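Fair warning: this is a prediction, and the values are worked out from it, not measured in the lab. Ligands are counted one by one from 1 in listed order, and the atoms in each one are counted from 1 as well.
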Amino acid sequence: MKIEALTLREIKMPLVDFFETSFGRIYERRILLVSVQCDGVTGWAECVADGAPFYSSEWIDSSWLTMQRWLAPAILGRIIDHSAESARLMARVRGHRMAKAAVENALWDAAARQQQQPLWKLLGGKLREIPCGVSIGIQDSIEQLLEKIERELAAGYRRIKIKVKPGWDLNVLERIRSRWADITLSCDANSAYTLDQVEHLRKFDQFNLLMIEQPLWDDDIYNHSRLQPQLRTAICLDESIHHARDAAQAVEIGACRIVNVKVGRVGGFSEARKVHDVCAAHKIPVWCGGMLESGVGRAHNIALSTLENFRLPGDVSASKRYWKEDIIEPEVEVSARGMIAISDQPGTGYRVREDQIEKLTVRKETLRTEN
Ligand code: OSB
Ligand code: MG
């Protein structure tokens, strides 16, 4: 496969509903899309970096510049036998995993289209349907949150995750549990607590949560290993797992009992598979996290979620929860049983609506080889 061109595009899409985490509230998403041209075939991917460096140090302008200045020159004009080789070509660049993931995943997408194979099969997936959960942000009132939970349960979602932070945690969980004693419930702190709040964090145990996601610092594994033995609730790490070695270390020192895999956070499909495999070898379940992706990124999350150790419902929800109109066709739909059916079509099984993307584009740049 010869890598002939790389196109970067920024689009802007308003969210159907605002989304608030312990690091802030957003109403719209600036989205960076990447497409590659290889042997006349186009592959698409989404760089999941946010508009601000709050979830991670990457943000969409840093990703754009990194791709333009360093990643594109490392791959353009090269002939590769397998998409995963691109990871090696880009390895000289440290970090910038979301940017690398977008480039690598676009190549996987192109390879799947070129080979007329479903992407999930190329990735080694097995599951023919995947279980879905929802992540519900911090609201203006607990009543508003309860209403949203009610709606998502009625839609069939199999796991409710709420965002927590000091002041929006025990009081909220208490109200949820008194209304729904048995639903599968988890929470995500996005690093809102510190180790000296262990007594407070121990109070989460009474709510029978599936997990508490990333309670401590975003760059920490060790202190989570000091916290986990003091909790009955399983810790799930998100922000602090950057690659398979992090996952192995976290599991070996007992820092978590569950791992959230985000393909952007770990630098692409090849590393995401390694994280999956390391966890499987240690009998640690994984699930697919989300970054409020458009359909392009969402379709890739769905393909990844077919790997067998994705044993817990992912933050992989229907297009209509996020967007009035998605940029793929068909849109992602979740059944009344809370499942997404996996398509047998080549590629992702979702067509990228280039006409719609063109309308939403606020900037665009194509990088090509000179030779
Ligand atoms: O921590 O999982 C997270 C969204 C943006 C940044 C970080 C996170 C999230 C979510 C939303 O929880 C998941 C989704 O529905 O895409
Ligand atoms: Mg998270």
List every atom of ligand 1 that sits less than 4.0 Å from any heavy atom of [X], numbering the atoms from 1 in the order shown and giving each element.
X: K161; result: 2 (O), 12 (O)
X: S135; result: 10 (C), 11 (C), 12 (O), 13 (C)
X: M291; result: 6 (C), 7 (C), 16 (O)
X: K163; result: 1 (O), 2 (O), 3 (C), 8 (C), 9 (C), 10 (C), 12 (O)
X: D238; result: 1 (O), 2 (O), 3 (C)
X: E213; result: 2 (O)

For the side chain of [X] and the backbone of [Y], is there at least one donor-acceptor N/O pair under 3.5 Å apart?
X: H224; Y: Q214; answer: no
X: E58; Y: S63; answer: no
X: E104; Y: G268; answer: no
X: W323; Y: E293; answer: yes

Does any N or O of ligand 1 fall below 3.5 Å from an N or O anywhere on [X], backbone included?
X: R298; answer: no
X: L292; answer: yes
X: N260; answer: no

Protein heavy atom at shortest distance from [atom]:
atom: atom 4 (C) of ligand 1; value: F19 CE2, 3.6 Å
atom: atom 13 (C) of ligand 1; value: G290 O, 3.4 Å
atom: atom 14 (C) of ligand 1; value: Y322 OH, 3.4 Å

Which of the listed options, N301, T21, N190, I162, holds the heavy atom that is closest to atom 1 (O) of ligand 1?
->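 Minimum heavy-atom distance to atom 1 (O) of ligand 1 goes to N190.
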Kindly identify the option in R29, K262, R265, E239 whose heavy atom sits closest to atom 3 (C) of ligand 1.
->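 Going through R29, K262, R265, E239 one by one, K262 has the nearest heavy atom to atom 3 (C) of ligand 1.
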Could you see which bit of V134 sits under 4.0 Å from ligand 1, with heavy atoms only: side chain, backbone, both or neither?
->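 Within the 4.0 Å criterion, V134 makes no contact with ligand 1.
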Is it the side chain, the backbone, both or neither of Q214 that has a heavy atom closer than 4.0 Å to ligand 1?
->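 Under 4.0 Å from ligand 1, Q214 contributes no heavy atoms.
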Test of ring centre spacing under 6.0 Å for W108 and H82 |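 Under 6.0 Å, so yes.
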Answer yes or no: is there an ion pair linking R159 with D188, defined by an N-O contact shorter than 4.0 Å?
->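 No, no charged N to carboxylate O under 4.0 Å.
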Inspect the contact between R175 and E143 and indicate whether a charged nitrogen and a carboxylate oxygen are less than 4.0 angstrom apart.
->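 Here E143 pairs with R175 in a salt bridge, since their nearest N and O are under 4.0 Å apart.
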At what distance, to the nearest 0.5 angstrom, does [atom1] of [X] lie from [atom2] of [Y]?
X: I138; Y: E20; atom1: CD1; atom2: CD; result: 5.0 Å
X: W44; Y: T348; atom1: CH2; atom2: OG1; result: 12.0 Å
X: D238; Y: R265; atom1: CG; atom2: CZ; result: 4.5 Å
X: E365; Y: L6; atom1: CD; atom2: CG; result: 9.5 Å

Can you list, by chain and residue number, the protein N, O or S atoms under 2.8 Å from the Mg ion (ligand 2)?
->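 D188 OD2, E213 OE2, D238 OD2, with waters left out.
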Would a 4.5 Å heavy-atom cut-off, applied to side chains only, mark N171 and D169 as touching?
->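 Side chain of N171 against side chain of D169, heavy atoms only: contact under 4.5 Å found.
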